[in-house]
Amino acid sequence: MNAYSGRGVHGQTVSTLGARIVAGDIAVGEVIDLGELGRELDVSMTVLREATKVLAAKGLVEARQKRGTYVRAREHWNLLDSDVIRWRSETGDTAEVLRDLAEVRAVVEPAAAAMAAQRRQDSDLSELDAALEDMRRAAGPEAEVAADLRWHRAMLRATHNDMLARMDVFIEPALRLRDALVHGASADDPVPSHAEVVEAVRRGDADAAAAAVASLLDKASHDVADVIGTGEKEMQRE
């Protein structure tokens, strides 16, 4: 989902410029000619300056006196930003983006589920059950993604660790990218696999909760690999 859709000229300018930078159309170190860009996009300097401020916050550009606004090296980009993730995917990096996200989730989520099993409260279980019910009733990709996101966020919050709870920054772009690729390609019902995790958390079984999440994530990675025609060896770093 484009975070800037429906936000008018400013949002469109952010997306256009961000995508060009991520794609390499504007090279690292290159000074952006704002005047020329403004004429090309038919936008004012005010709009361009505001757009570059947004991109600066994402680490893509920096403005310096006497040098102007230039593209920063990739090491400075906020690669966890949902827009940067989306731009990478839109410019042909989908397999790499999904692989990276899957690897991060494989490290974080099983451990989070184990912690949730040890720390969960009744209110956490109620939210996880409600998310499962949303999954059962979901009709269409947006509702399915919303239900899945609700479930994963509830699991992270059940750890009662504020930093882990914010790890949903990895989950939303991963789920949205995956849904765009595999929706309709698999008839698997997601409820049983997610319910298995919830039951392990409910019992306080940390090992079973971690194993159930690991199995869920492994299935998701294989589904994506099948759809995009990427073998397992390409989806995983050796």
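- For the pair Leu34/Thr52, a side-chain contact is recorded, criterion being any heavy-atom separation below 4.5 Å from C-beta on.
- For the pair Arg202 and Asp124, the salt-bridge criterion is not met [side-chain N within less than 4.0 Å of a carboxylate O].
- Taking both residues in full, the closest heavy atoms of Ala112 and Leu156 are given as CB-CD2, 3.8 Å, listed atom of the first, atom of the second, then distance.
- Salt-bridge formation is detected for the pair Asp83/Lys58: a Lys NZ or Arg NE/NH1/NH2 atom is positioned less than 4.0 Å from an Asp or Glu carboxylate oxygen.
- Residues Val107 and Val197 are members of separate hydrophobic clusters, defined by side-chain heavy-atom contacts under 4.5 angstrom among Ile, Leu, Val, Met, Phe, Trp and Tyr.
- For Asp207, the CG atom counts as loosely surrounded, since its 6.0 Å shell holds 12 or fewer non-hydrogen atoms of other residues, nucleotides or ligands.
- A single hydrophobic cluster is not seen to contain both Val31 and Ile21; linkage of ILVMFWY side chains at heavy-atom distances under 4.5 Å, directly or through other members, places them apart.
- Nearest heavy-atom pair across Arg20 and Leu37 is NH1-CD1, 3.6 Å.
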Using side chain to side chain contact (heavy atoms under 4.5 Å, CB included), reason through Val14 and Glu50 one step at a time and then give a plain yes or no.
CA-CA 9 Å; Val14 170; Glu50 290 302 312; over 6 Å; no

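- No option in Arg67, Lys53, Arg72 other than Arg72 meets the salt bridge (Lys or Arg N to Asp or Glu O under 4.0 Å) test with Glu62.
- Transitive grouping of hydrophobic side chains (ILVMFWY, heavy atoms separated by less than 4.5 Å) keeps Met115 and Leu125 in distinct clusters.
- Rounding to the nearest 0.5 Å places CZ of Arg86 at 9.5 Å from CG of Asp81.
- Expressed to the nearest 0.5 Å, how far CG of Leu79 lies from CD1 of Ile85 amounts to 8.0 Å.
- A 4.5 Å side-chain heavy-atom check between Arg64 and Thr69 finds every atom pair outside the cut-off.
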Kindly indicate, with the supporting measurements, whether the criterion salt bridge (Lys or Arg N to Asp or Glu O under 4.0 Å) is fulfilled by Asp168 and Arg166.
CA-CA 5 Å; Asp168 63 350; Arg166 293 304 302 133; 2.8 Å; yes

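- For the pair Met155/Glu109, no side-chain contact is recorded, criterion being any heavy-atom separation below 4.5 Å from C-beta on.
- Residues Arg153 and Glu172 meet the side-chain proximity criterion, which asks for heavy atoms closer than 4.5 Å.
- Of the residues listed (Val47, Thr13, Val9), the one engaging Leu41 in a side chain to side chain contact (heavy atoms under 4.5 Å, CB included) is Thr13, and it is the only one.
- Taking each heavy atom of Val28 and Ala73 in turn, the nearest pair found is CG1-CA, 3.6 Å.
- The structure places CG of Asp148 at 12.5 Å from CZ of Arg150, a figure rounded to the nearest 0.5 Å.
- Within the 4.5 Å cutoff, the side chain of Leu80 has no heavy atoms near those of the Val104 side chain.
- Cluster membership for Trp77 and Ile32, using ILVMFWY side-chain heavy atoms within less than 4.5 angstrom, is shared.
- Remark: side-chain polar atoms of Ser193 are paired, donor with acceptor, to backbone N or O of Pro190 under 3.5 angstrom.
- Pairing each heavy atom of Trp87 with each of Leu60, the nearest pair is CZ3-CD2, 4.1 Å.
- Of the inter-residue distances, the one linking Trp151 atom CH2 with Leu216 atom CG reads 6.0 Å to the nearest 0.5 angstrom.
- Under a hydrophobic clustering in which Ile, Leu, Val, Met, Phe, Trp and Tyr are joined whenever their side-chain heavy atoms come within less than 4.5 Å, directly or via other members, Val145 and Met167 fall into the same cluster.
- Smallest separation of non-hydrogen atoms from Val201 and Ala209: CG2-CB, 4.0 Å.
- Closest non-hydrogen pair, Val213 versus Ala113, comes out as CG2-CB, 3.5 Å.
- Contact check for His10 versus Val54: side-chain heavy atoms found under the 4.5 Å cut-off.
- Within a 6.0 Å sphere centred on CD of Glu36, other residues, nucleotides and ligands contribute 12 heavy atoms or fewer.
- With values rounded to the nearest 0.5 angstrom, Leu132 atom CG is found 12.0 Å from Arg137 atom CZ.
- Put simply, the side chain of Asp100 reaches to within 4.5 Å of the side chain of Arg88, judged on heavy atoms.
- Rounding to the nearest 0.5 Å places OG of Ser126 at 11.0 Å from CD of Gln121.
- Remark: the Glu30 side chain and the Tyr70 side chain contain no N/O donor-acceptor pair separated by less than 3.5 Å.
- The closest donor-acceptor contact from the side chain of Arg157 to the backbone of Ala165 lies at 3.5 Å or more, if one exists at all.
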Check the pair Met135 / Glu144 against side chain to side chain contact (heavy atoms under 4.5 Å, CB included), numbers first and verdict last.
CA-CA 6 Å; Met135 285 185 188; Glu144 290 167 4; over 6 Å; no

